[in-house]
Peer 1: 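Let me begin by handing over the structure; questions about it come next.
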Amino acid sequence: MSATAFISFLTLSLLTIPSSSSLQSFIFGGCSQQKYTSASPYESNVNSLLTSLVNSATFTNYNNFTVQSPSSSHDTLYGLYQCRGDLSTPDCARCVASAVTQLGSLCLDSCGGALQLDGCFVKYDNTTFLGVQDKTLVLKKCGASIGYASDTLTRSDAVLTYLGATDGSFKPYRVAGSGDVYGVAQCVQDLSATECQDCLSDAVGRLKTDCGPAASADMYLAKCYVRLSERGAHSSGGHDNNNDDEIEKTLAILIGLIAGVALLIVFLSFLRKVCEKGKGGK
């Protein structure tokens, strides 16, 4: 079949936990050009596979399946899903269910399809891609330039260096932060440790070359991605802690003023009663 055509779109510090709604935000998706016939064995295989992906996501954040067809090798179907490494099982399950639902609309009657949401990735095809290295550029997004003479750029380089480095162990999900700069990287877990490292290193290199001194950047390859963000410039659905702090300070000031006014009213009322008693005594 023809290749899938995609539609564009250190732990040094802790990343902000995103809201559930942001996990289902659309990043990119695409469908194969080849179509299957409705009510065919292939359609049955697609439904079976997608059901297996949704069910499996209630237990683990990654899995892959192969649905064999006894009648034709062309009807054999391959699929996988993967959730972001920091997601809880319930959030992962909700994300995968949403991705499968969206794929049903996006890739209606397509033999293959892929969808990346903020919190998860789902793909199926009748050409095997499981365990196959693929560094094809799928999505590149560069934010505003921050200039080369910047402390933020130094922090960005440190974060990207960590995300692209290896200590010899298999780390498909990586997160790093330095000051206000945050980064996250992940490769699909059907890759070997060496292939994963190769993909992430390539993604980091492309991000540095193509986006330069950007405050935020996304680099998605077919089997891995790297995302860089500066708080307030770009985020993957988290809250801006600076804004949260300002809100909390404002609320504290308002509460303090209200309490102060209330005490003043009580004090004035007390003085009035004292004065009235004094006048009565005369």
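We use all heavy atoms of the structure for the numbers below, so side chains are in, but hydrogens, waters and symmetry mates are not.
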Peer 1: Measuring from Leu207:CG to Asp218:CG, what's the distance to the nearest 0.5 Å?
Peer 2: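 The CG atom of Asp218 is 8.0 Å from CG of Leu207, to the nearest 0.5 Å.
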Peer 1: Pair up each side-chain donor or acceptor in residues 183-193 with any protein partner under 3.5 Å, not counting sequence neighbours, and list the distances.
Peer 2:
| from | atom 1 | to | atom 2 | distance (Å) |
| --- | --- | --- | --- | --- |
| Gln186 | OE1 | Tyr225 | OH | 3.1 |
| Gln186 | NE2 | Cys83 | O | 3.1 |
| Gln189 | NE2 | Gln82 | OE1 | 3.2 |
| Asp190 | OD2 | Gly131 | N | 2.7 |
| Asp190 | OD2 | Lys223 | NZ | 2.7 |
| Ser192 | OG | Glu195 | N | 3.2 |
| Ser192 | OG | Glu195 | OE1 | 3.3 |

Peer 1: Please tell me whether Cys196 and Cys224 are bridged, where bridged means their SG atoms are separated by under 2.5 Å.
Peer 2: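 Disulfide absent: SG-SG distance not under 2.5 Å.
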Peer 1: If the condition is side-chain hydrogen bond (donor to acceptor under 3.5 Å, both in side chains), which residues does Arg206 pass it with, not counting sequence neighbours?
Peer 2: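 Checked Arg206 against side-chain hydrogen bond (donor to acceptor under 3.5 Å, both in side chains); matches are Asp202.
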Peer 1: Do Tyr220 and Arg227 come within less than 4.5 Å of each other through their side chains, counting heavy atoms only?
Peer 2: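 They are in side-chain contact.
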Peer 1: Find the distance between CD (Gln68) and CG (Leu77) and round it off to the nearest 0.5 Å.
Peer 2: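 These two atoms lie 10.0 Å from each other.
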Peer 1: So which heavy atom on Asp118 is nearest to which on Ile27, and how close?
Peer 2: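 That closest heavy-atom pairing would be N-CG1, 3.7 Å.
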Peer 1: Which heavy atom of Ala165 sits nearest to which heavy atom of Arg174, and what is that distance?
Peer 2: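 Looking at all heavy atoms of both residues, the closest pair is O-NH1, 2.7 Å.
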Peer 1: Report yes if some heavy atom in the side chain of Gln34 is under 4.5 Å from a heavy atom in the side chain of Asn126; otherwise report no.
Peer 2: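 Yes, close enough: below the 4.5 Å cut-off.
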Peer 1: If you compare all heavy atoms of Gly29 against all heavy atoms of Leu115, which two are closest, and at what distance to 0.1 Å?
Peer 2: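 Closest heavy-atom pair between Gly29 and Leu115: CA-CD1, 3.9 Å.
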Peer 1: Decide whether Thr127 and Asp125 meet the rule of one side-chain donor and one side-chain acceptor closer than 3.5 Å.
Peer 2: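 There is no such pair between these side chains.
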Peer 1: Would you compute the distance between atom OG of Ser216 and atom NZ of Lys141 and round it to the nearest 0.5 angstrom?
Peer 2: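 Ser216 atom OG to Lys141 atom NZ measures 8.5 Å (nearest 0.5 Å).
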Peer 1: Of all heavy-atom pairs between Ala176 and Val159, which one has the smallest distance, and what is that distance?
Peer 2: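 Closest pair (atom of Ala176, atom of Val159, distance): CB-CG1, 3.9 Å.
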Peer 1: For Lys35, check salt bridge (charged side-chain N to carboxylate O under 4.0 Å, His left out) against everything at least two apart and list the hits.
Peer 2: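 With neighbours one apart ignored, the set is empty.
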Peer 1: For Phe121 and Phe28, take the angle between the two ring planes, folded into 0 to 90°, and tell me which bin it lands in: parallel under 30, tilted 30 to 60, perpendicular over 60.
Peer 2: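 Taking Phe28 first and then Phe121, their aromatic rings sit tilted (interplane angle of 30° to 60°).
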Peer 1: Is it the case that the side chain of Arg94 and the backbone of Gln24 share a donor-acceptor pair, with hydrogens and angles ignored and the cut-off at 3.5 Å?
Peer 2: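 Pair absent, no side-chain N/O of Arg94 close to backbone of Gln24.
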Peer 1: For Val204 and Tyr162, what are the C-alpha separation, side-chain angles and deciding distance, and is it a side chain to side chain contact (heavy atoms under 4.5 Å, CB included)?
Peer 2: CA-CA 10 Å; Val204 168; Tyr162 177 86; over 6 Å; no
Peer 1: Evaluate the side-chain proximity of Val122 to Gln102: yes if any heavy-atom separation is below 4.5 Å, no if none is.
Peer 2: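 No. Closest side-chain heavy atoms not under 4.5 Å.
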Peer 1: Can you find a pair of side-chain heavy atoms, one from Leu221 and one from Leu137, that are under 4.5 Å apart?
Peer 2: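 Side-chain contact under 4.5 Å: yes.
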Peer 1: Taking side-chain contact (heavy atoms from CB on, under 4.5 Å) as the definition, give me every residue that meets it alongside Ser105, ordered by chain and number, with sequence neighbours left out.
Peer 2: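 Expected list: none.
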Peer 1: If only atom types and distance count, is the side chain of Asn61 paired as donor or acceptor with the main-chain N or O of Leu87 below 3.5 Å?
Peer 2: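 Checked: no pair found.
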Peer 1: Side chain of Ser48, backbone of Ser44: donor and acceptor closer than 3.5 Å?
Peer 2: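 No; judged by distance alone, with no hydrogens or angles, the pair does not exist.
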Peer 1: How about Thr89 and Phe59: do any of their side-chain heavy atoms sit closer than 4.5 Å?
Peer 2: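 Side chain of Thr89 against side chain of Phe59, heavy atoms only: no contact under 4.5 Å found.
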Peer 1: Rounded at 0.5 Å granularity, tell me how far OG1 in Thr76 sits from CG in Leu49.
Peer 2: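 These two atoms lie 11.5 Å from each other.
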Peer 1: What residues form a salt bridge (charged side-chain N to carboxylate O under 4.0 Å, His left out) with Asp109, not counting sequence neighbours?
Peer 2: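 Testing Asp109 for salt bridge (charged side-chain N to carboxylate O under 4.0 Å, His left out), a comparison that skips the adjacent residues, returns none.
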Peer 1: Which heavy atom of Leu117 sits nearest to which heavy atom of Ser98, and what is that distance?
Peer 2: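 Taking Leu117 first and Ser98 second, the nearest heavy atoms are CD1-OG, 4.0 Å.
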Peer 1: Between Ser56 and Ser52, is there a donor-acceptor pair closer than 3.5 Å when you use the side chain of the first and the backbone of the second?
Peer 2: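 Flag not set: sc Ser56 to bb Ser52 has no pair under 3.5 Å.
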Peer 1: Leu130 vs Thr66, test: side chain to side chain contact (heavy atoms under 4.5 Å, CB included). Steps then yes/no.
Peer 2: CA-CA 9 Å; Leu130 299 177; Thr66 300; 3.8 Å; yes
Peer 1: Would you call Asp91-Arg84 a salt bridge at under 4.0 Å N-O?
Peer 2: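 No.
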Peer 1: To the nearest 0.5 Å, what is the distance between CG (Asp151) and CG (Asp180)?
Peer 2: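 It is 11.0 Å, given to the nearest 0.5 Å.
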Peer 1: Report the residues that fulfil side-chain contact (heavy atoms from CB on, under 4.5 Å) with Cys107, sequence neighbours left out, ordered by chain and then residue number.
Peer 2: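 Partners of Cys107 by the side-chain contact (heavy atoms from CB on, under 4.5 Å) criterion, ordered by chain and then number, come out as Cys31, Leu103, Ser110, Tyr124.
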Peer 1: Flag the pair Lys208 / Thr161 as yes when at least one side-chain heavy-atom distance between them is below 4.5 Å, and no otherwise.
Peer 2: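 Contact flag for Lys208/Thr161 side chains = yes.
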Peer 1: Where the side chain of Ser32 meets the backbone of Gly112, is there a donor-acceptor pair that is under 3.5 Å apart?
Peer 2: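 Yes, the answer is positive, given that a donor and an acceptor are paired below the 3.5 Å cut-off.
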Peer 1: Between CG of Leu200 and CG of Leu160, what distance do you get to the nearest 0.5 Å?
Peer 2: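 Between Leu200 CG and Leu160 CG, I get 11.5 Å after rounding to 0.5 Å.
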Peer 1: Side chains of Cys111 and Tyr42: does their closest heavy-atom pair fall under 4.5 Å?
Peer 2: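 Side chain of Cys111 against side chain of Tyr42, heavy atoms only: contact under 4.5 Å found.
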Peer 1: Can you name the nearest heavy-atom pair linking Cys92 to Ala57, along with the distance?
Peer 2: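 Heavy atoms only, the tightest pair is SG-O, 4.1 Å.
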Peer 1: Would you say the side chain of Thr152 lies within less than 4.5 Å of the side chain of Val181, judging by non-hydrogen atoms?
Peer 2: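 Contact flag for Val181/Thr152 side chains = yes.
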Peer 1: Within the side chain of Gln197, is there an N or O that forms a donor-acceptor pair under 3.5 Å with the backbone of Gly164?
Peer 2: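 Between the backbone of Gly164 and the side chain of Gln197 there is a qualifying donor-acceptor contact (under 3.5 Å).
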